[in-house]
Structure formats: C-alpha cells, structure tokens
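Because only heavy atoms are used, hydrogens play no part in the values below, and waters and symmetry mates are left out as well, while side chains stay in. A, B, ... follow the sequence lines: proteins, then strands. Residue 1 opens every chain. Here the structure is a predicted model, which is why all the values come from computation and not from measurement.
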Amino acid sequence: MTAVGPVGEARRAVAGAIAAAVGRAASAGSLPAEARAALAGLGEAHVEVPRDNSHGDLASTAPLRLAGPCRMPPRRIAEAISAELDLSGMPVQKTEVAGPGFINFFLSPTWLNRTVAYILAEGQDYGRSDVGRGAPVQVEFVSANPTGPLGVVNARAAAVGDTLASLLDAAGFRAQREYYVNDAGGQVRRLGRSVEARWLELHGEEATIPEGGYRGEYIVDIARAYDAEHGEAARGMSPEERAVSMGHFATEMMVEDHKENLARFGVVYDVWYSQEANVTQEAISETLAELERRGHVYRRDGAVWLRTTTFGDDKDRVLVKSNGEPTYFLADIAYHRDKFSRGFKEVIDLWGPDHDGHVRRMKAAVAALGQEAGALEILIVQWVRLMEGGELARMSKRRGQIVPMKDLLDDIGVDASRFFFLMRSHDSHLDFDLELAKRQTTENPVYYVQYAHARISSILRQPEAVADVKSLDEVLPELDLLTEPAESALIRRLADFPEEVADAALAREPHRLTRYATDVATAFHKFYDTCRVLVEGDPPLRRARLGLAAATRIVLANSLALCGVSAPESM
RNA sequence: GCGCCUAUAGCUCAGCGGAUUAGAGCGCCGGCCUCCGGAGCCGGGUGCGCAGGUUCGAGUCCUGCUAGGCGCACCA
C-alpha cells in the first residue's frame with residue numbers, strides 16, 4: 001500500500017495516532033518498551049483497507065504483529081493501544097477492537113464528503129500522485145520482428161505495456177514507451193529472399209521459399225508493392241542485391257503496418273528504436289570490451305563467452321560465435337546497455353512467452369554490466385487463446401495459427417479488446433471469449449463500466465440538473481447530506497483511486513484497474529438504484545447527489561483513460 | 001533431465017505486504033420499472049489439485065508430489 005490521496009492521508013493520520021498511543025502505553029507500562037521499536041519497523045503498512053467494509057474504512061494489524069515482540073496476546077495489545085488513542089481533530093468517527101486483535105477505524109462522514117469535493121476539484125488529475133518523484137522509467141513492449149503481421153499476443157502486450165506506462169505516469173514516474181525494431185541481421189535477409197521468391201513467381205518464374213523463410217500471404221503483397229515501385233531496377237540486380245533491397249523494403253513496410261495497427265489500438269510510442277541504426281558494430285564491440293573489462297568474459301572452443309552463471313544463469317552464454325559473428329544475445333546486451341546509458345534507472349521489458357528462457361541470461365548480462373539487481377524487469381506476457389462458444393476460434397483460416405491483430409480490431413474493436421486483455425494478469429494464459437467481447441447489448445464487462453459512465457452523463461444533462469452541474473464547486477456544505485449506506489460505500493471506493501493507481505503501477509499489474517473500474521461501476525449502480533439523484537423538492541440533496549455522480553464520472557473516465565478505453569457520454 | 005508459468009464456483013478468472021465470514025463475470029433459476037438510461041438492481045450455490053511444514057492465523061509463505069502450458073542453440 002502506498003499512502004497517497006485522501007485514503008493515504010487518513011492512513012498516515014491513523015498510523016501516527018497509533019504510534020503516539022503505543023508510545024504512551026509503553027511509558028505508562030501497559031505495553032512493554034519493545035513495542036515502540038517493533039511498531040516503528042512496520043511503517044504505515046499495518047494500516048490496511050479491510051476487505052469487508054463492515055470492518056471499517058481502515059484497520060490496523062499492529063496488535064497482531066506486535067504480539068510476538070511484546071509476548072502478549074494481540075487482543076490485549078489492541079485494548080492497551082485503544083485506551084491510549086487520541087483521535088481529536090481526526091476524521092475518525094469511531095474505532096473498535098475486533099476479531100483476534102484488529103483495531104478498526106470508521107472514517108467520519110465529513111471525511112467522505114470532503115473527498116467528493118476533492119475529486120471534483122482535481123478532475124482529470126484525480127488519481128495522479130507523486131510516488132515516482134519524476135524518475136524516468138522505460139517500458140519496452142511489443143517489439144515484434146518485422147517479418148510478419150502483429151498477432152493477438154502482440155495486441156495483448158500492447159494493451160498491457162501501454163497501460164502500464166500510463167499508470168507509471170499517473171503515479172509520478174516519467175514513463176517512456178519504446179519499440180525495438182529488429183531490422184538487422186539474418187532475418188532481414190531471409191525476409192528479402194522470401195519476397196524475392198514471390199516476386200519471381202509474379203513474373204512467371206519458378207522459385208522456392210528458402211529454408212526458414214516466410215510463407216505468409218502478406219509476402220506476396222509485399223512482392224507486389226515492391227514490383228510496383230522498384231520492379232524495373234530489380235531486374236538489373238544480382239540475387240544478393242535483390243535480397244538486400246527487398247529485405248529493407250519489406251521491413252519498412254512491415255514496420256509501417258505495425259505502427260498503423262498500434263496507433264489504431266491507441267498506442268503511441270515515444271521512441272521507435274532501430275536496431276540497424278543504433279546497435280552498430282561499434283556499440284557491440286564497446287559492449288564486449290566493457291564486459292571484458294569487468295572480467296566476465298572468457299574464450300573457449302573458439303568462441304567468446306559471458307560468464308552469466310556468476311549472476312544466476314544456469315549456464316554460460318556465447319557472445320561471439322567461433323566464426324567470429326556476434327550472437328543476437330550480444331546485440332541485445334548492447335541494446336540494453338544503451339538503455340541505461342540514456343539515463344534510465346529502471347527498465348521494464350515485456351516479452352512474449354517464447355522468450356521466457358532468455359530472462360535469466362539477460363538479467364545476468366545487465367548485472368555483469370554493473371547495474372543493480374532489479375534495474376531490468378522482464379514481464380512475460382502469456383499466450384492468448386481465442387475462444388468462441390467454448391471452442392478454439394480460428395478467425396484466420398487462411399494461414400496457420402497466427403491470428404492477426406488487425407482481425408481482432410476489425411471484429412472486436414479497440415475498447416473491448418483492450419479491456420479484455422487488461423482483465424487478466426499478464427502472466428497467466430488468457431482465454432479470450434470472442435462471443436462475450438463482441439456483445440454490445442448485454443453483459444459485456446466493458447459495456448458495464450461504460451454504461452455507468454453514459455448513465456451519469458445522461459443524468460448530468462437532464463434539464464433539472466444542468467444549472468446545478470455548473471456550480472458543483474459550491475456544493476461543499478450540501479455534501480454532508482450524503483449519508484445513505486450506498487452513498488458512503490461509493491464515496492469510499494472513489495477515495496481509493498489514487499492508491500489503486502499507485503499500487504498497480506508499482507506492482508506492474510495493470511489488470512487491477514479494470515477490476516477497480518468494475519467495482520466503481522457496481523457501487524454506482526447500487527447507489528443509483530437506491531437513491532434518486534434528481535430528487536424533487538430538495539435542491540440541496542439534489543446538488544449533493546449530482547456532485548457525487550459527477551465525482552463518480554471523473555473516476556470512471558480517468559480509469560478508462562488509463563486503460564485506453566473510451567468513456568462514452570451516450571451509448 | 002533442467003528451468004519458468006499455471007492449478008480457486010459448471011466455464012473464464014480476481015483475491016495486491018499473511019489477518020475477521022473467499023469474490024467477479026459468463027451460464028442457470030426466481031424477483032424488481034406510473035420515476036433520472038432495465039446495457040441496471042436484488043435473491044438463489046457449488047470451490048482454494050494432493051501431502052507435509054512454518055505460524056496465534058495459510059487460497060496466499062516453504063518443501064515434496066500430481067496435472068497442464070512454455071522454454072532449454074555458437075537461431076533471431
């Protein structure tokens with residue numbers, strides 16, 4: 001838990017009051033002297049948000065945690081602390097000792113209502129915090145090979161990476177979104193030769209796709225495009241020249257295609273980092289030299305090795321093959337070295353499940369370069385299976401198992417795709433229910449949340465509401481009229497938002513956001529069901545409820561924005 | 001063989017640093033609109049793979065086992 005926003009303030013206040021009470025209890029002898037130090041070791045973390053709101057708005061587990069050091073039953077510690085609690089001037093309505101030794105705190109209605117005013121004042125900024133203190137963090141994601149179209153796993157990585165970056169920004173880090181373009185090396189040649197084969201076929205010549213080449217139909221499209229632009233020139237080239245020329249052409253075309261799909265998906269990168277342009281021979285040999293200087297390199301069997309086992313890998317890895325060529329691993333190390341030289345202290349890579357065997361060696365290499373452990377974090381985005389009616393779906397019957405991202409966008413759309421990808425933890429396998437995602441009229445989770453937003457928007461534009469909506473910043477005194485349980489429950493959940501954002505960012509778990517947004521939508525619908533917003537004959541209460549509705553809309557809009565999902569005013 | 005991920009309701013999954021009574025969506029059954037958007041709300045029930053361990057307390061931590069997925073190149 002990160003203490004930010006309204007709940008963070010309350011958490012700090014409660015933690016402070018408990019610390020003071022423990023101090024007094026220790027002086028008075030009702031607690032042993034060890035209690036002070038033991039509590040100090042806990043920080044503010046012992047003040048938690050209970051799962052069940054009948055246990056209060058905040059609860060301290062300090063008595064349970066102090067039981068060991070104090071050698072006293074937790075319940076008695078709780079009572080000793082309770083007896084010394086001084087809550088004057090604090091937004092706490094009541095406290096209780098409960099269960100095995102929790103101290104539960106019920107925040108006052110005044111606190112809740114001030115929170116509504118605070119949200120209204122913050123608007124678009126509500127949810128932002130400064131826990132990152134402006135630290136630059138790089139998030140690199142998707143980075144697919146430009147040898148074929150993006151697939152659904154790439155789409156998932158795009159949703160997760162983009163939202164993670166947004167969360168980091170909101171939590172006060174400076175996130176940079178980077179895409180690494182693998183436009184160098186053997187695969188470009190292979191791609192070029194594959195295109196060449198198709199190009200020859202276009203001209204009625206026999207040709208075979210080379211071993212390890214690319215067979216997708218898109219290669220034919222590329223060959224056609226190439227022919228239209230450079231067909232004449234190509235006729236005069238040697239096969240080798242053609243492979244190079246076509247390889248570059250194809251790569252550019254694929255990268256453009258990736259950019260287009262990602263942009264359509266709402267993902268805009270700060271940097272498209274070309275391997276060919278940046279990871280030069282020079283960069284590679286500098287990297288090798290640095291690793292040698294640091295003493296982690298040795299020669300064996302004609303190859304140059306990095307002693308990654310020093311840093312937890314299960315075997316050493318080759319940097320330079322015995323034929324003198326650098327491995328991709330070395331190029332990748334050079335790339336990561338460059339990231340850190342650009343000033344990032346924290347670098348997060350999102351990789352596909354086919355690369356999880358490479359995690360250890362890459363982290364080992366970064367450690368070998370002298371970076372702190374944890375400077376590089378690698379998140380594995382797991383497989384996506386598209387399901388339709390409980391069966392594996394084949395959206396693309398044309399070729400293989402790879403379902404293009406484009407088809408997903410065409411069929412499902414951006415909002416549902418992104419939301420669905422963000423409903424699950426990135427490291428668990430995802431069964432994507434196409435039928436459910438396509439539904440626009442029923443219980444699709446994304447529509448559930450958007451519906452709440454649209455419903456509020458509808459209320460706020462009712463004729464009897466508009467005048468009040470304009471002056472919501474003046475409703476402060478009326479907010480005290482919000483005393484219904486459904487109102488308090490909703491406000492309480494709205495108050496969590498900044499901590500939800502900060503915690504999701506720090507844990508690198510963007511999927512928490514969709515759950516939170518769903519919770520807020522549920523709390524709102526319940527409120528709506530029990531409390532009439534546009535109450536007649538009671539203008540103050542109406543203004544208060546409009547204020548709450550407007551605050552809810554802010555939280556929903558901000559949550560959806562972080563997810564990259566639209567927040568419609570009507571549906 | 002080694003490594004990583006996963007195992008929670010009929011299905012897909014949450015459960016964030018261990019904490020009071022384990023949740024959501026879908027599916028199924030039954031209620032709720034003279035009223036701000038019924039794309040909503042309320043009710044109905046089954047579950048932490050197995051076995052140990054640590055602890056005042058384990059879905060959560062540790063060990064072993066079982067099952068599923070993935071990875072184990074001088075490929076990129």
Any donor-acceptor N/O pair under 3.5 Å between [N] base and [X] side chain:
X      : N      : answer
A:R385 : B:rG68 : no
A:D427 : B:rU6  : no
A:R424 : B:rC13 : no

- Task: Pull up the glycosidic torsion of B:rC33 and say syn or anti, syn being anything within 90° of 0.
- Result: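 Here the answer is syn: the torsion falls within 90° of 0.
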Roughly how many Å is it from [atom1] in [X] to [atom2] in [N], rounded to a whole number?
X      : N      : atom1 : atom2 : value
A:I378 : B:rC5  : CD1   : P     : 13 Å
A:M571 : B:rA39 : CE    : P     : 10 Å
A:F524 : B:rG37 : CZ    : P     : 10 Å
A:I103 : B:rU20 : CD1   : C1'   : 14 Å
A:L430 : B:rG69 : CG    : C1'   : 14 Å
A:M387 : B:rG25 : CE    : C1'   : 16 Å
A:D431 : B:rA14 : CG    : P     : 11 Å
A:Q450 : B:rG37 : CD    : C1'   : 15 Å

Using the [atom1] atom as the reference point in each nucleotide, state the distance between [N] and [M] in Å, no decimals.
N      : M      : atom1 : answer
B:rG10 : B:rC48 : P     : 10 Å
B:rC61 : B:rA19 : P     : 11 Å
B:rA9  : B:rA14 : P     : 12 Å
B:rA73 : B:rU54 : C1'   : 42 Å
B:rA67 : B:rG49 : C1'   : 8 Å
B:rC33 : B:rC16 : P     : 40 Å
B:rG47 : B:rU12 : C1'   : 14 Å
B:rG31 : B:rC5  : C1'   : 44 Å

Between [Y] and [X], is the closest basic N to carboxylate O distance under 4.0 Å?
X      : Y      : answer
A:E569 : A:R553 : yes
A:R11  : A:E499 : yes
A:R385 : A:D431 : yes
A:E509 : A:R424 : no
A:R299 : A:E292 : yes
A:D314 : A:R317 : yes

[X] side chain N/O closer than 4.0 Å to the phosphate oxygens (OP1, OP2) of [N]?
X      : N      : answer
A:Y447 : B:rG25 : no
A:R51  : B:rA19 : yes
A:K526 : B:rG40 : no
A:T518 : B:rG23 : no
A:R512 : B:rA14 : no

- Message: So, applying salt bridge (Lys or Arg N to Asp or Glu O under 4.0 Å) with A:E500, which one of A:R493, A:R515, A:R512 is it?
- Response: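 When A:R493, A:R515, A:R512 are each tested with A:E500, the salt bridge (Lys or Arg N to Asp or Glu O under 4.0 Å) holds only for A:R493.
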Could you tell me the Watson-Crick or G-U partner of [N], where both distances fall under 3.5 Å? Say none if there is no partner.
N      : result
B:rG1  : B:rC72
B:rG30 : B:rC42
B:rG17 : none
B:rU12 : B:rA24
B:rC35 : none
B:rC65 : B:rG49

Remember a base hit wins even if backbone is also touched, and classify [X] as base, sugar-phosphate or nothing at under 4.0 Å, heavy atoms.
X      : result
A:S458 : base
A:D519 : nothing
A:A454 : base
A:S425 : sugar-phosphate
A:I459 : sugar-phosphate
A:F432 : nothing
A:H525 : sugar-phosphate

- Chi angles and distances behind the ring-ring contact (aromatic ring centres under 6.0 Å, His included) call for A:F527, A:F524: CA-CA 5 Å; A:F527 156 69; A:F524 175 76; 5.7 Å; yes
- Query: Judged by modelled atom types alone, do A:D427 and A:S425 share a side-chain donor-acceptor pair under 3.5 Å?
  - Reply: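 Yes, a side-chain donor-acceptor pair sits under 3.5 Å.
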- Query: With centres under 5.5 Å and planes under 30°, do A:F102 and B:rU20 count as stacked?
  - Reply: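 The base of B:rU20 is stacked with A:F102 (centres under 5.5 Å, planes under 30°).
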- Query: Is A:H429 stacked on the base of B:rC5, meaning ring centres closer than 5.5 Å and planes within 30 degrees of each other?
  - Reply: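 The base of B:rC5 is not stacked with A:H429 (the test needs centres under 5.5 Å and planes under 30°).
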From [options], pick the nucleotide closest to the side chain of [X]?
X      : options                : result
A:R532 : B:rG3, B:rC35, B:rG37  : B:rC35
A:R515 : B:rA39, B:rC36, B:rG23 : B:rG23
A:Y528 : B:rC13, B:rG37, B:rC5  : B:rG37

- Message: Would you compute the distance between atom NZ of A:K438 and atom CG of A:L434 and round it to the nearest 0.5 angstrom?
- Response: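 Interatomic distance, A:K438 NZ to A:L434 CG, rounded to 0.5 Å: 5.5 Å.
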- Task: Determine, step by step, whether A:H426 and A:F421 satisfy the ring-ring contact (aromatic ring centres under 6.0 Å, His included) criterion, reporting the C-alpha distance in whole Å, the side-chain angles of both residues, the deciding distance to 0.1 Å, and the verdict.
- Result: CA-CA 8 Å; A:H426 63 82; A:F421 285 133; over 10 Å; no
- Is there a side-chain contact between A:L422 and A:L513, using heavy atoms and a 4.5 Å cut-off?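 No, every pair of side-chain atoms sits at 4.5 Å or beyond.
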- Using a 4.0 Å cut-off on protein heavy atoms (strictly under), produce a 5'-to-3' string for nucleotides 71-76 of chain B with B for base contact, S for backbone-only sugar-phosphate contact, and - for none. S-SBBB
- Task: Report the residue (A:I380 or A:P74) whose heavy-atom-nearest nucleotide on RNA chain B is the more 5′ of the two.
- Result: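 Looking at RNA chain B, the more 5' nearest nucleotide goes with A:I380.
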